[in-house]
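Heads up, the thing below is written out as structure tokens.
Note that these values count all heavy atoms, side chains included, but never hydrogens, waters or copies made by symmetry.
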Amino acid sequence: MSKAVVFARRNILEIVRSPISWIFGLLMPVGIFIIMQVIVKSIGEEALAVAPMFAVERFTGGIMIFGAAFLSLFAALIISTDRKESFLSRLFASPMKSSDYIIGYALGVFPIALAQVVITFVTALCFGLTPTVHILAALGFSVVIALLYTAIGVIFGSCLSAKNAPPLCSVVVQIAALLSGMWFDLDTIGGGFSIFCHILPFAHAYDLIRYTLAGDYGNVWLPFLVVAAHTAALSVLAVVLFRYRAKKV
């Protein structure tokens with residue numbers, strides 16, 4: 001475990017030093033949140049009647065899902081870059097285990113994930129989010145969501161080159177935003193499209209945060225179980241693919 005922690009420190013420094021981490025991981029999600037809330041406030045209650053997903057209680061969850069999706073980009077970028085520069089091939093000569101690498105990369109994106117959640121909630125509180133104990137529960141659930149996207153990033157970083165991994169992770173970011181219910185109300189749309197969106201984990205992650213913030217814990221557990229199942233499955237796949245690619249180095 002100590003080897004993984006030491007490796008994580010190196011990854012944290014690499015990610016924090018990159019301006020991409022701050023621009024896309026923190027500034028963009030918060031900027032979108034502020035712009036949309038200013039627009040809603042200027043239009044008034046009529047806007048929320050037409051587009052309830054932009055209410056601060058719901059849009060906070062959407063921004064959390066959108067921001068967390070960039071964790072896949074950061075994880076994929078650092079792993080694919082390490083592979084490109086033969087850094088991993090040198091590390092494989094060390095006594096580190098595959099689990100140390102995976103834990104080290106996962107912990108490497110944790111500071112950005114924590115900063116995302118804290119800044120999002122602070123901004124939401126400034127725009128009228130009611131300060132309740134439910135925020136703490138949402139913070140806990142956000143860890144599972146962060147692990148979900150990190151696993152996706154490890155998969156892409158292990159399988160793709162440093163040139164191809166970031167564009168595909170950008171596609172994941174867009175899919176997460178479009179299919180989570182952040183921009184349109186899936187409950188209103190219904191039908192086959194809503195069912196399709198709920199096959200993927202992104203809509204469930206959005207529901208997990210919005211139900212938690214509303215204190216509706218009766219509806220929390222299904223989204224949580226779905227997100228946790230996807231996270232576990234993708235994490236196992238990430239470990240298998242990373243080990244497989246390690247043998248090819």
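Atoms CZ and CD1, on R210 and I65 in that order, are 11.5 Å from each other to the nearest 0.5 Å. Here Y206 contributes atom OH and M64 contributes atom CE; the two are 12.0 Å apart, rounded to the nearest 0.5 Å.
Annotation: F196, atom CZ; neighbour count of heavy atoms from other residues, nucleotides and ligands within 6.0 Å does not exceed 12.
In terms of modelled atom types and a separation under 3.5 Å, the side chain of S80 and the main chain of L77 share a donor-acceptor contact. Put simply, the side chain of T81 never gets that close to the backbone of I78: no donor and acceptor are under 3.5 Å apart. Between the side chain of H204 and the main chain of H198, a donor-acceptor pair closer than 3.5 Å is present. No donor-acceptor pair closer than 3.5 Å links the side chain of Q116 to the backbone N or O of V30. Between the side chain of T60 and the backbone N or O of E57 there is no donor-acceptor pair closer than 3.5 Å.
Between P223 and the choices T212, D207, I209, the side chain to side chain contact (heavy atoms under 4.5 Å, CB included) rule is met once, by D207.
In this pair, F141 and F224 present their aromatic rings tilted. The plane angle is within the 30 to 60° band. Between F59 and F33, the angle of the ring planes stays under 30°, which puts this pair in the parallel group of the 30/60° scheme.
Residue pairs meeting the salt bridge (charged side-chain N to carboxylate O under 4.0 Å, His left out) criterion with at least one partner in residues 21-44, sequence neighbours excluded, are absent.
Using a 4.5 Å heavy-atom cutoff, the side chains of I79 and F156 are not in contact. Taking the side chain as every heavy atom from C-beta outward, I63 and M36 never approach each other to under 4.5 Å. Side-chain contact between F74 and T150: absent, with no pair of heavy atoms (C-beta onward) separated by less than 4.5 Å.
When the side chains of ILVMFWY residues are joined at heavy-atom separations under 4.5 Å, either directly or via intervening members, V109 and V173 end up in a single hydrophobic cluster. In the hydrophobic clustering of this structure, L186 groups with L208; members are Ile, Leu, Val, Met, Phe, Trp, Tyr whose side-chain heavy atoms approach within less than 4.5 Å, directly or through other members. Note: the hydrophobic cluster containing F66 also contains I175 (ILVMFWY, side chain heavy atoms under 4.5 Å, direct or indirect links). Tracing side-chain contacts under 4.5 Å through hydrophobic residues (I, L, V, M, F, W, Y), one never reaches V143 starting from V154; they form parts of separate clusters. Grouping the Ile, Leu, Val, Met, Phe, Trp and Tyr side chains by contacts below 4.5 angstrom, directly or via other members, places I199 apart from L148.
Hydrophobic cluster membership of V122, counting Ile, Leu, Val, Met, Phe, Trp and Tyr whose side-chain heavy atoms lie under 4.5 Å apart directly or via other members: F110, L114, V118.
Between Q37 and F127, the shortest heavy-atom contact is CB-CD2, 3.6 Å.
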